[in-house]
**Student:** 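Please read through the structure below; I'll follow up with questions.
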Amino acid sequence: MKTRPPSGTRDFLPDDIRRREHVIGVVRTVYERYGFEPIETPAFENIETLLGKYGEEGNKLIFKILKRGEHERTGEADLALRYDLTVPLARVVAQYQNQLPKFFKRYQIQPVWRADRPARGRFREFFQCDIDAIGSTSTLVDVELLSSASEVLGRLGFHDFVLRVNHRRALTALLECAGVPMEQHTDALIALDKLDKIGLAGVEQELSARGVEIEATKACLDFFSDARRDEPSQDVPLQRMREFVKSHAAGASAVDELREIVQLAEATPAQGRIRIDPSLARGLSYYTGAIMEIAVPDLAGSLGGGGRYDNLIGMFLGHDVPATGLTLGLERIIVVMTERGMFPPEVGRGGVDVMVTLWNVESRADAVALARELRQGELRVDVYPDADRLGKQFKYAASRRMPFVAIVGDDERARGEVAVKDLRSGEQTAVPRAEAARFIASRLANNG
RNA sequence: GUGGGUAUAGCUCAGUGGUAGAGCGCCGGACUGUGGCUCCGGAAGUCGCGGGUUCGAACCCCGUUACCCACCCCA
């Protein structure tokens with residue numbers, strides 16, 4: 001029987017859980033500080049809720065659940081696993097419209113499933129940490145998203161991330177001004193999105209392969225030939241976009257929105273992080289306005305992404321409600337933090353503060369009594385179950401990374417003491433039994 | 001879905017046709033009141049799976065499965 005979990009999924013052992021909970025704790029704290037409130041939604045949705053929301057590629061990657069019973073052999077699906085947290089939110093907003101505040105800000109940390117081929121930092125089951133702000137078209141909320149993501153990453157110890165920002169309407173305007181017909185926009189965006197990977201010549205090849213005319217291809221390349229990704233100054237790309245789309249009213253206003261976002265962000269933790277990236281496209285089809293992606297140098301994919309989707313809720317409700325959101329990819333953050341050794345020491349410590357050793361079989365009752373006393377002092381306490389020789393018990397405690405062991409031998413019992421040994425320093429102290437818990441707790445507080 | 005690579009002990013890997021190996025880990029002992037250091041000993045492998053070539057295959061050939069890397073797409 002094979003014991004490996006299905007490809008693209010993982011079991012989380014205690015060390016993994018500690019790392020995950022550390023990151024989730026920071027994410028939740030920051031999100032709540034920005035006024036986002038938690039919701040959860042089911043692991044699966046009616047399939048029609050999901051289909052047609054993510055684009056052609058997305059449709060293929062949805063995990064479908066077969067109908068049960070007599071319909072099973074037809075292979076027909078009526079349910080599907082959640083593909084992201086944004087579409088379920090849109091459904092929730094449409095369903096509970098009159099119970100939700102005018103400006104609804106929610107966060108949601110749950111797994112999603114994609115029928116992708118697994119790769120480094122890419123899983124078929126993974127957690128997203130979403131924040132979304134419903135009900136406002138203001139660029140102020142887009143900036144709050146960028147700000148909270150920056151604060152999360154900053155607190156986790158990231159100092160080299162950038163927030164790439166672009167605008168769907170600005171992209172549309174750019175392509176229209178270059179002479180790319182509307183029906184080729186999706187293809188053209190896919191090609192342009194690869195600019196930093198395959199270069200100008202590659203994009204040119206890709207565009208013509210996708211049937212974009214020479215003239216339009218040339219016009220696109222003219223614009224993008226000077227575009228440098230991740231350039232710190234935002235004025236240059238904004239100026240160039242503005243100039244290129246000046247005859248296009250919607251495009252010009254989109255560029256103005258981008259400029260507002262850059263300016264507002266200066267007063268937030270996102271300050272200095274934003275890079276206007278005219279080639280950023282993003283795959284999901286529901287985006288309508290500003291789009292964003294979070295990148296670090298040592299990861300091919302992104303740590304997170306998001307954007308404005310002003311008419312997704314309308315697909316459920318019948319009339320549009322503006323919305324914008326962003327997600328952080330939990331496992332991508334953990335992959336980079338693990339590789340870089342960014343977890344603080346207390347996360348690496350095990351789940352036990354002190355182990356009570358077992359002196360001999362006769363003292364078992366005393367060992368559990370001591371464990372109880374130490375637990376009453378708010379310590380996490382394990383009791384060694386067998387009367388093995390002390391060396392073996394110590395070795396076990398050290399291998400579990402337990403910082404302290406407590407020993408009550410015949411001598412200690414006679415004096416009403418506990419011998420407390422710090423396994424990290426090797427230092428051993430005899431303390432009155434009533435003081436033992438406080439002694440250990442204060443040592444833990446002093447040096448993690 | 002496309003291309004490339006890998007598969008040998010719990011882990012990391014060596015082994016280019018002739019007796020299955022190392023380091024780490026694990027267990028025991030030196031050490032019946034003390035882990036890490038040292039020394040001694042020990043357990044542990046259908047060499048991914050199936051077929052073929054050969055007197056003989058971990059090694060060569062064919063197939064297959066799993067995993068890894070890159071691409072596509074994305075968190």
Side-chain angles (χ1 to χ4, degrees), chain A residues 2-8 23 27 54-62 82-86 108-130 149 153 186 189-191 193-194 197-198 202 206 209-210 280-285 287 291-296 299-307 325-336 355 357-360 363 384 387-413 419-430:
Chain A
K2 80 179 202 180
T3 54
R4 198 189 284 269
S7 171
V23 174
V27 169
Y54 304 109
E56 198 184 327
E57 195 71 25
N59 269 352
K60 287 188 218 156
L61 298 179
I62 294 172
R82 178 168 64 206
Y83 179 86
D84 72 354
L85 301 179
T86 306
Q108 186 170 358
I109 301 170
Q110 285 192 280
V112 301
W113 293 269
R114 295 185 188 178
D116 237 353
R117 168 173 288 210
R120 177 166 210 71
R122 193 168 83 200
F123 304 93
R124 299 205 290 184
E125 175 183 66
F126 62 98
F127 273 66
Q128 293 196 317
C129 311
D130 269 44
L153 293 175
T186 308
L189 287 179
I190 290 168
D193 194 44
K194 297 181 199 169
K197 286 176 197 155
I198 60 180
E206 182 108 11
R210 287 169 186 272
L280 176 69
R282 295 193 51 80
L284 300 177
S285 58
Y287 291 127
I291 49 181
M292 47 202 109
E293 195 165 276
I294 304 162
V296 284
L299 193 73
S302 61
L303 287 187
L326 176 150
T327 187
L328 291 172
L330 180 63
E331 11 288 296
R332 297 236 167 127
I333 289 173
I334 290 171
V335 162
V336 176
M355 186 186 84
T357 56
L358 185 59
W359 183 244
N360 53 32
S363 61
Y384 195 86
D388 288 332
R389 57 169 229 272
L390 276 187
K392 194 169 176 180
Q393 301 192 35
F394 276 48
K395 200 168 177 176
Y396 174 75
S399 75
R400 295 276 314 273
R401 284 171 307 175
M402 298 173 179
F404 289 95
V405 288
I407 309 106
V408 181
D410 297 335
D411 301 347
E412 286 82 5
R413 189 172 298 108
V420 174
K421 180 163 182 173
D422 186 330
L423 287 179
R424 298 162 302 181
S425 64
E427 185 191 0
Q428 185 164 322
T429 316

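We name chains A, B, ... by the order of the sequence lines, and we start the count at 1 in each one. As a basis for the values below, the full set of heavy atoms in this structure was taken, side chains included, without hydrogen atoms, waters or symmetry mates.
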**Student:** Looking at A:Asp422 and A:Arg424, is any side-chain nitrogen of the basic one under 4.0 Å from a carboxylate oxygen of the acidic one?
**Tutor:** yes
**Student:** Tell which nucleotide pairs with B:G33, taking only Watson-Crick or G-U wobble pairs whose two distances are both under 3.5 angstrom.
**Tutor:** none
**Student:** Under a 3.5 Å cut-off for both distances, is B:A58 Watson-Crick or wobble paired, and to whom?
**Tutor:** none
**Student:** Is B:G23 paired to anything, Watson-Crick or G-U wobble with both distances less than 3.5 Å, and if yes, which nucleotide?
**Tutor:** B:C11
**Student:** Ignoring hydrogens and angles, state whether a donor on the side chain of A:Asp84 or A:Tyr54 is under 3.5 Å from an acceptor on the partner side chain.
**Tutor:** yes
**Student:** Can you check the distance between B:G63 and B:C55, where both ends of the measurement are the P atom (answer in whole Å)?
**Tutor:** 24 Å
**Student:** B:G33, B:C73, B:C69: which one has an atom nearest the side-chain heavy atoms of A:Arg122?
**Tutor:** B:C73
**Student:** Between A:Arg120 and A:Ile294, name the one whose nearest nucleotide on RNA chain B is closer to the 5' end.
**Tutor:** A:Arg120
**Student:** Calculate the interatomic distance between A:Gln393 atom CD and B:G36 atom C1'; express it in whole Å.
**Tutor:** 17 Å
**Student:** Using the P atom as the point on both nucleotides, what is the distance between B:C59 and B:G23, in whole Å?
**Tutor:** 25 Å
**Student:** Any side-chain N or O of A:Lys392 less than 4.0 Å from the OP1 or OP2 oxygen of B:G28?
**Tutor:** yes
**Student:** Go through B:A75, B:G33, B:G35 for me and flag the one nearest to the A:Phe394 side chain.
**Tutor:** B:G35
**Student:** Determine the Euclidean distance between corresponding C1' atoms of B:A44 and B:A22; express it in Å to zero decimal places.
**Tutor:** 15 Å
**Student:** According to the Watson-Crick and G-U wobble definitions, with both distances under 3.5 Å, which nucleotide is paired to B:G17?
**Tutor:** none
**Student:** Among B:C73, B:G29, B:U34, find the nucleotide with the atom closest to the side chain of A:Arg389.
**Tutor:** B:G29
**Student:** Judged by atom type as modelled, is there a donor-acceptor pair below 3.5 Å linking the side chain of A:Arg124 to the main-chain atoms of A:Ser7?
**Tutor:** yes
**Student:** Within the structure shown, what part of the strands sits under 4.0 Å from A:Asp84 by heavy-atom distance: base, sugar-phosphate, or nothing?
**Tutor:** nothing
**Student:** Across the strands shown, which category fits A:Gly58 at heavy-atom distances under 4.0 angstrom: base, sugar-phosphate, nothing?
**Tutor:** nothing
**Student:** Does A:Arg117 place a side-chain N or O at less than 4.0 Å from the phosphate oxygens OP1/OP2 of B:C73?
**Tutor:** no
**Student:** Have a look at A:Glu412 and say if it touches a base, only the backbone sugar-phosphate, or nothing, with a 4.0 Å heavy-atom cut-off.
**Tutor:** base
**Student:** With a 3.5 angstrom cut-off on both distances, give the Watson-Crick or G-U wobble partner of B:G3, or none if there isn't one.
**Tutor:** B:C69
**Student:** Map A:Gly391 and A:Ser7 onto RNA chain B by nearest heavy atom, then report which one ends up closer to the 5' terminus.
**Tutor:** A:Gly391
**Student:** On the ring face of A:Phe126, is A:Arg114 found with NZ or CZ under 6.0 Å from the centre and within 45° of the axis?
**Tutor:** no
**Student:** With rounding to whole Å, what would you report as the distance between B:U53 and B:G45 at their P atoms?
**Tutor:** 30 Å
**Student:** Within the distance-only criterion (no hydrogens, no angle test), does the side chain of A:Thr357 pair as donor or acceptor with the backbone N or O of A:Ala406 below 3.5 angstrom?
**Tutor:** yes
**Student:** Which value, in whole Å, describes the distance between the C1' atoms of nucleotides B:C37 and B:G4?
**Tutor:** 46 Å
**Student:** Identify the nucleotide, in any strand shown, that forms a Watson-Crick or G-U wobble pair with B:G63, with both distances under 3.5 Å; if there is none, say none.
**Tutor:** B:C49
**Student:** Rounded to whole angstrom, note down the P distance from B:C24 over to B:U65.
**Tutor:** 39 Å
**Student:** For the base of B:G35 and the side-chain ring of A:Tyr396, does the geometry meet a stacking cutoff of under 5.5 Å between centres and under 30° between planes?
**Tutor:** no
**Student:** What I want to find out is whether A:Glu293 reaches A:Arg282 closely enough, with some N-O distance under 4.0 Å, to be called a salt bridge.
**Tutor:** yes
**Student:** Answer with yes or no whether A:Gln428 presents, from its side chain, a donor or acceptor under 3.5 Å of a partner atom in the base of B:U34.
**Tutor:** yes
**Student:** Which nucleotide, if any, forms a Watson-Crick or G-U wobble pair with B:A44, using both distances under 3.5 Å?
**Tutor:** none
**Student:** Looking at the side chain of A:Leu61, which of B:C73, B:U34, B:G33 is the nearest nucleotide?
**Tutor:** B:C73
**Student:** Given B:G33, B:G35, B:C67, which nucleotide is nearest the side-chain atoms of A:Lys395?
**Tutor:** B:G35
**Student:** Please state how far atom CG in A:Leu299 lies from atom P in B:A70, giving the value in whole angstrom units.
**Tutor:** 10 Å
**Student:** Specify the separation, in whole Å, of atom CZ of A:Arg114 and atom C1' of B:C72.
**Tutor:** 15 Å
